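Each remark here refers to the structure printed beneath this line.
Keep in mind it's a predicted model, so treat the numbers as computed, not measured. FYI, side chains are in, hydrogens and waters are out, and symmetry mates aren't considered; it's all heavy atoms of this structure. Per chain, numbering begins at 1; letters A, B, ... match sequence-line order.
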Number of protein chains: 4
Amino acid sequence: MTTRPGRPRDERAHAAILAAVTELVAESGYAAMSLGAVAARAGVGKDTIYRRWSGKAELVYEAVFTASDAAPVPDTGSLEGDLTVLVQQLIDEFSTPAAVAALPGLLADFAAASDLRARIRSAFLEPAKQRLTVVFDRAHARRQTGPDVDVDLVLDGLVGTVFFRLGILGESAGPELAQDIARIAAKGIESR
Amino acid sequence: MTTRPGRPRDERAHAAILAAVTELVAESGYAAMSLGAVAARAGVGKDTIYRRWSGKAELVYEAVFTASDAAPVPDTGSLEGDLTVLVQQLIDEFSTPAAVAALPGLLADFAAASDLRARIRSAFLEPAKQRLTVVFDRAHARRQTGPDVDVDLVLDGLVGTVFFRLGILGESAGPELAQDIARIAAKGIESR
Amino acid sequence: MTTRPGRPRDERAHAAILAAVTELVAESGYAAMSLGAVAARAGVGKDTIYRRWSGKAELVYEAVFTASDAAPVPDTGSLEGDLTVLVQQLIDEFSTPAAVAALPGLLADFAAASDLRARIRSAFLEPAKQRLTVVFDRAHARRQTGPDVDVDLVLDGLVGTVFFRLGILGESAGPELAQDIARIAAKGIESR
Amino acid sequence: MTTRPGRPRDERAHAAILAAVTELVAESGYAAMSLGAVAARAGVGKDTIYRRWSGKAELVYEAVFTASDAAPVPDTGSLEGDLTVLVQQLIDEFSTPAAVAALPGLLADFAAASDLRARIRSAFLEPAKQRLTVVFDRAHARRQTGPDVDVDLVLDGLVGTVFFRLGILGESAGPELAQDIARIAAKGIESR
DNA sequence: ACTTAACCGAGACGGTACGTCCAGTCTTACT
DNA sequence: AGTAAGACTGGACGTACCGTCTCGGTTAAGT
């Protein structure tokens, strides 16, 4: 039962919509980007959008944040080194023009709708949490940390710091930023 | 001649508007709160709002974040203790019903308008930065930290973490949260 | 008891307001002329206007239609000649830039407010009716007309025709117009 | 391919809007009737009104003056009789509650906007002018009038008189009015 | 070949908020 | 009491967008 009756959805429309969102959100920002403009840019009817996504937030999330899920788990041999790589991954993910323009409004919409709010942890944070858990397991095996590090708290700290700096304040990340953040975090959770 | 010509602005209208904003933003959320509804609730014409504030973001900012500027500088004798108090001040500021409801949309609007974006550091962060600077000076005098702590980075980390947890994820702060955050931060920046 | 207590009204303000109305109504038209703009142009507070006139209609009426009340009663020796002069007086009165711009909106406001509507006959038409009555009395004395000419009907016909042509259609009056109208009217009411 | 792409316009919305205008203009008058109230009464969004009409004047014109275009050309055998019928047609057209309430403000708006002003002759007057032309042709064939009657002038006189009496002064038309006007006009233009 | 059913672009639909403008009133300090 | 200035409530304006609905027409799978 893999096929449904009727005409199948046009994959080119799907791709054209996501491309239009990426362009328009970078040009205009999240709030100023209307779905009507997306439809026009993509050469698509508005229904074709609403048939696939429930609203602006879901659509922009998929368009902007679906690439880096495959980021590799860092393994540099030290906790600080691993965290530096991981924070740099976050910075890279949040630094594209589309992400910078989309993030504040996107998270505002997610936060405002309770059904979406519940999905932030699973959608945004879960991939990074898995990488972070592996990093901590290795650090524990090296006796650098205790067994009871609060992964969620550290993750919220790293993500919150990066999001606040780049997404809210709109500052660009210098080459030292990832290491500066990682150094404090690593020292903060190491044993002793 | 300190008085301007014409009828002076009505302070009661000012107060009624801010009270209406605080109520409505807590009831409806930032995006769903219309300035027309604010005017109706306050018993005020829309012009009276637009005469004093340039838009929703400026208005809500003034209504929701103008109380805690007078928060005292903590002085517990230890860096971790001081940071715990300071983080708790942030948590308290971000935990009122109006602040929880207003923050994501408010910061999204500030981030989207470049003229407002520049004001986040000065308007939101400056009071906390001053307290944090005093805390670090005392810690340095106690030889707990070096002289070159990056105050902005730590501040962004503390604020970003609290804002992300409470404002974006909508989680409520448990009694241990402030100390958990402060402990990691203090260890992360201590000398040695 | 000709003097009232308190400061007497400033006659220069009165004149400045009427001058500002005449200018602004000619520039902008009746509907687009706001009393705030009149006050600013006259260098006067809005209250000074509302203290003297009850609203825009009354003000514009006084500014635009108060000059020609002293028009002389024509006496050319023939009914058609007298009517030609009288119609030309109407045309002159309705052809000033201010009158052309003010008339449609002004009469619309008069017609919409029942208390003003009752005043159109007395305010607009009474001076012309008196002149027309004299003209008809002389014509009757010359046995050109019967004794029972419906003065109001003829007056409404002359005024309505001129007002519709100039005020509503916005056409300019050629040199023959007064005589063309007067000829038909005179023939239409002569005996035989 | 005569059909345009997209959802066709809803004829019931069109009719509901015109019905709401007819009701509301009769209840409130032209100036006091807001398009927002029309939309609410018709159960329609404001966009649906602005999509079809450019403003209040165009909308009210279509709602109030679209019935009598099919009025028959009078043919009583005499000029005065024909004119009496024609004037009565004008009176009937201007005497409906909606027309009485709409006319002054409507013509004021038409007169104020130069693009609309040009349409008064074609939209309001053309149907009556055609009937009047036929009446004059017949009168000329009967040798009652010369060949060079100024149709526009007589039409402006008849319409102006009726409009001024009913529309501006707000007087109701007695049973003799049409004949009184027609008698003067007929005598005024007859040969000899 | 024919039916069925979901798809498609286009754009109209009801509804809601926007930010501006004006009417007519009110409140200052000053004359 | 009158004055200039300008703030006040209230409400209409015309625009923009949301998310849904309605057309005519297309594209496959199932019969």
Original post:
Counting only N and O atoms by type, is there a donor-acceptor contact under 3.5 Å from the side chain of C:Tyr61 to the main-chain atoms of C:Leu107?
Top reply: no
**OP:** State which of E:dC18, E:dA29, E:dC7 makes the closest approach to the side chain of B:Ser34.
**Re:** E:dC18
Original post:
Which part of the nucleic acid, if any, lies within contact of C:Lys56, taking any heavy atom under 4.0 Å across all strands shown: a base, the sugar-phosphate backbone alone, or nothing?
Top reply: sugar-phosphate
Original post:
Which whole-number value in Å describes the distance from A:Arg9 CZ to E:dA6 P?
Top reply: 11 Å
Original post:
So what does C:Arg52 hit on the nucleic acid, given a heavy-atom distance under 4.0 Å: a base, only sugar-phosphate, or nothing?
Top reply: sugar-phosphate
Original post:
Can you tell me how far P of E:dG15 sits from CZ of D:Arg41, to the nearest Å?
Top reply: 15 Å
Original post:
Has the side chain of A:Lys46 got a donor or acceptor that lies under 3.5 Å from a partner of the other kind on the base of E:dG9?
Top reply: no
**OP:** Find the distance A:Tyr50:OH to E:dC8:C1' and express it as a whole number of Å.
**Re:** 17 Å
Subject >> Integer-rounded Å distance: F:dT3 P and C:Arg12 CZ >> reply: 10 Å
Original post:
Is a salt bridge present between B:Arg52 and B:Glu62, judged by a nitrogen-to-oxygen distance below 4.0 Å?
Top reply: no
Subject >> Expected output: side-chain D:Lys56 to main-chain D:Asp109 donor-acceptor under 3.5 Å >> reply: no
Subject >> Whole-Å distance separating the CD atom of B:Glu58 from the P atom of E:dG19 >> reply: 12 Å
Original post:
When all nucleic acid strands are considered with a 4.0 Å heavy-atom cut-off, which category describes D:Gly43: base, sugar-phosphate, or nothing?
Top reply: sugar-phosphate
**OP:** Give me the ring orientation class for D:Phe163 and D:Phe94: parallel if the planes are under 30° apart, tilted from 30 to 60°, perpendicular past 60°.
**Re:** perpendicular
Original post:
Mapping C:Ala37 and B:Met33 onto DNA chain E by nearest heavy atom, which one lands closer to the 5' end?
Top reply: B:Met33
Original post:
So which nucleotide from F:dG2, F:dC18, E:dC8 ends up closest to the side chain of C:Arg51?
Top reply: F:dG2
Original post:
Contact class for B:Thr48 (heavy atom, under 4.0 Å): base, sugar-phosphate, or nothing?
Top reply: base
Subject >> Pair of N/O donor and acceptor under 3.5 Å linking E:dC13 base with D:Asp47 side chain >> reply: no
Original post:
Below 4.5 Å, heavy atoms only, C-beta onward: do A:Leu106 and A:Phe124 meet side chain to side chain?
Top reply: yes
Original post:
Within the pair B:Arg7 and F:dA5, is there a side-chain N or O less than 4.0 Å away from OP1 or OP2?
Top reply: no
Original post:
Can you check the B:Arg4 CZ to E:dT27 C1' distance for me, whole Å?
Top reply: 14 Å
Original post:
To the nearest angstrom, how far is A:Ile49 atom CD1 from E:dC7 atom P?
Top reply: 15 Å
**OP:** Select base, sugar-phosphate, or nothing to describe what C:Asp10 touches, counting heavy atoms under 4.0 Å on all strands.
**Re:** sugar-phosphate
**OP:** Report the residue (D:Gly36 or B:Gly6) whose heavy-atom-nearest nucleotide on DNA chain F is the more 5′ of the two.
**Re:** B:Gly6
Subject >> C:Trp53 CH2 - E:dG24 C1' separation (whole Å) >> reply: 16 Å
